[in-house]
Trainee: 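Encoded as structure tokens, here's the structure I'll be asking about.
We use all heavy atoms of the structure for the numbers below, so side chains are in, but hydrogens, waters and symmetry mates are not.
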Amino acid sequence: MNTLKRVALAMLALSIPSSTMAAGELVLVAGASGQSGRPTIDQLQDAGYKVRALVRDASKGADLGVELAVGDVMKPETLGAALKDVTYVISTIGAGQGGYSAEQVEFHGLANLSSAAKAAGVKQFVLMSSLKAGSEDKNEFLNARRGMLLMWKGKGEQALRDTGIAYTIIRPGGLLPRPNMPCELGKVGLTLAPKNTLTGGAVCRADVAAVMIAALGDADAVGKTIELIQDEKAAPNNWRGTFRTFQKD
Ligand SMILES: NC(=O)c1ccc[n+]([C@@H]2O[C@H](COP(=O)([O-])OP(=O)(O)OC[C@H]3O[C@@H](n4cnc5c(N)ncnc54)[C@H](OP(=O)(O)O)[C@@H]3O)[C@@H](O)[C@H]2O)c1
């Protein structure tokens, strides 16, 4: 991240209520080597958190500039050490090119990680899920083409809720940037909505990261599943302070 961006983020952090500011607490980012994990780590560091990155392959985390924990959510025996002294978990894991199925990563893997977090005494677990998580509609693209991905994401969400850990689930729409569709943190407003209400829309990965980080330690965000897309007509930061308007699951 360049210096200008860091200064802008630091100024943004100053505008956040002090109750939600970090006090050097340790956050484990799962999916750290992925496209959403990386901006999440940058922003956590800018907000004053200590960060540990869960990576399957240490070489993929070498450029992250944070402590690494080598582990795999499909191998529960690797998760205890990764979670030692962790206050918060943010998970951006997703079944992609890693050799596992959607059922394995999005359901069993997430269940492994969330129950290990509960056992380790983690204070809050923030999950990056997806719009339409839980849909069993076989005509949905991600169900038809990706092994019932949305259905397994819904089961993964429920496994997290069932652990009894304090959680926040953020369900973004289609993630940006994409080729010819650039995006930048905090440039546009965001629409946050109750679960199972949005059916489409896009959002910048960096903005998803900002929302997940804002949820850390915020009692108004706990026990809630919130959908998220961008709204180019709304003012940047329009969403801050709005977690309290959503009902608990
Ligand atoms: N693409 C979209 O438009 C969209 C929309 C809404 C929601 N989402 C969801 O948002 C999340 C983040 O998306 P993204 O595009 O940023 O993901 P991504 O770049 O594919 O990153 C996924 C991460 O998960 C890690 N991972 C996979 N299997 C793992 C395992 N068994 N143990 C530990 N880590 C594992 C990967 O590690 P490796 O580097 O080792 O493979 C990678 O770091 C995903 O759940 C995705 O489904 C995506």
Trainee: Got a second to check how far Q104's CD is from L110's CG, nearest 0.5 Å?
Mentor: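 So the CD of Q104 and the CG of L110 are separated by 14.0 Å.
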
Trainee: Suppose we screen for side-chain contact (heavy atoms from CB on, under 4.5 Å). Which residues come up paired with A119, at least two apart in sequence or across chains?
Mentor: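 With sequence neighbours excluded, A119 shows a side-chain contact (heavy atoms from CB on, under 4.5 Å) to no residue whatsoever.
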
Trainee: Side chains of residues 191-201: which donor-acceptor pairs under 3.5 Å do they make with residues two or more places apart or in other chains?
Mentor:
from	atom 1	to	atom 2	distance (Å)
N196	OD1	R171	NH1	2.9
T197	OG1	P194	O	2.5

Trainee: By ring-ring contact (aromatic ring centres under 6.0 Å, His included), which residues pair with F243, not counting sequence neighbours?
Mentor: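 Result, ring-ring contact (aromatic ring centres under 6.0 Å, His included) vs F243: none returned.
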
Trainee: Taking only residues two or more places apart in sequence, or in another chain, which ones meet R145 in a side-chain contact (heavy atoms from CB on, under 4.5 Å)?
Mentor: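 By the side-chain contact (heavy atoms from CB on, under 4.5 Å) rule, R145 matches F141.
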
Trainee: Would you list the pairs meeting disulfide (SG to SG under 2.5 Å) in which at least one residue belongs to residues 105-188, sequence neighbours left out?
Mentor: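 Qualifying pairs: C183-C204.
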
Trainee: Would you list the pairs meeting side-chain hydrogen bond (donor to acceptor under 3.5 Å, both in side chains) in which at least one residue belongs to residues 67-83, sequence neighbours left out?
Mentor: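 Qualifying pairs: R52-E67, D72-Y100.
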
Trainee: Hey, is K132 close enough to E140 for a salt bridge, meaning N to O under 4.0 Å?
Mentor: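 Between E140 and K132 there is a salt bridge, with a charged N closer than 4.0 Å to a carboxylate O.
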
Trainee: Tell me every residue that passes salt bridge (Lys or Arg N to Asp or Glu O under 4.0 Å) with R161, counting only those two or more places apart in sequence or in another chain.
Mentor: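 With sequence neighbours excluded, R161 shows a salt bridge (Lys or Arg N to Asp or Glu O under 4.0 Å) to E157, D249, given in chain and number order.
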
Trainee: Holding to side-chain contact (heavy atoms from CB on, under 4.5 Å), I want the full list of residues that pass it with S36, two or more places apart in sequence or in another chain.
Mentor: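 Partners of S36 under the side-chain contact (heavy atoms from CB on, under 4.5 Å) test: T92, M128, L175, R205.
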
Trainee: Under the ring pair (Phe, Tyr, Trp, His ring centres under 6.0 Å) definition, can you give me all pairs with a residue in residues 148-204, not counting sequence neighbours?
Mentor: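 Every ring pair (Phe, Tyr, Trp, His ring centres under 6.0 Å) pair that includes a residue of residues 148-204, provided the two are not neighbours, is F107-W152.
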
Trainee: Just do the side chain to side chain contact (heavy atoms under 4.5 Å, CB included) check on V126 and V89 with the steps written out, would you?
Mentor: CA-CA 6 Å; V126 178; V89 171; over 6 Å; no

Trainee: Considering only residues two or more places apart or on different chains, which pairs with a residue in residues 107-144 satisfy disulfide (SG to SG under 2.5 Å)?
Mentor: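 Output for this query is empty, none listed.
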
Trainee: Pairs in or reaching into residues 111-177: which pass disulfide (SG to SG under 2.5 Å), with residues at least two apart or in two chains?
Mentor: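 Not a single pair qualifies under disulfide (SG to SG under 2.5 Å).
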
Trainee: Quick one: list whatever passes side-chain contact (heavy atoms from CB on, under 4.5 Å) with K138, sequence neighbours left out.
Mentor: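 Testing K138 for side-chain contact (heavy atoms from CB on, under 4.5 Å), a comparison that skips the adjacent residues, returns M148.
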
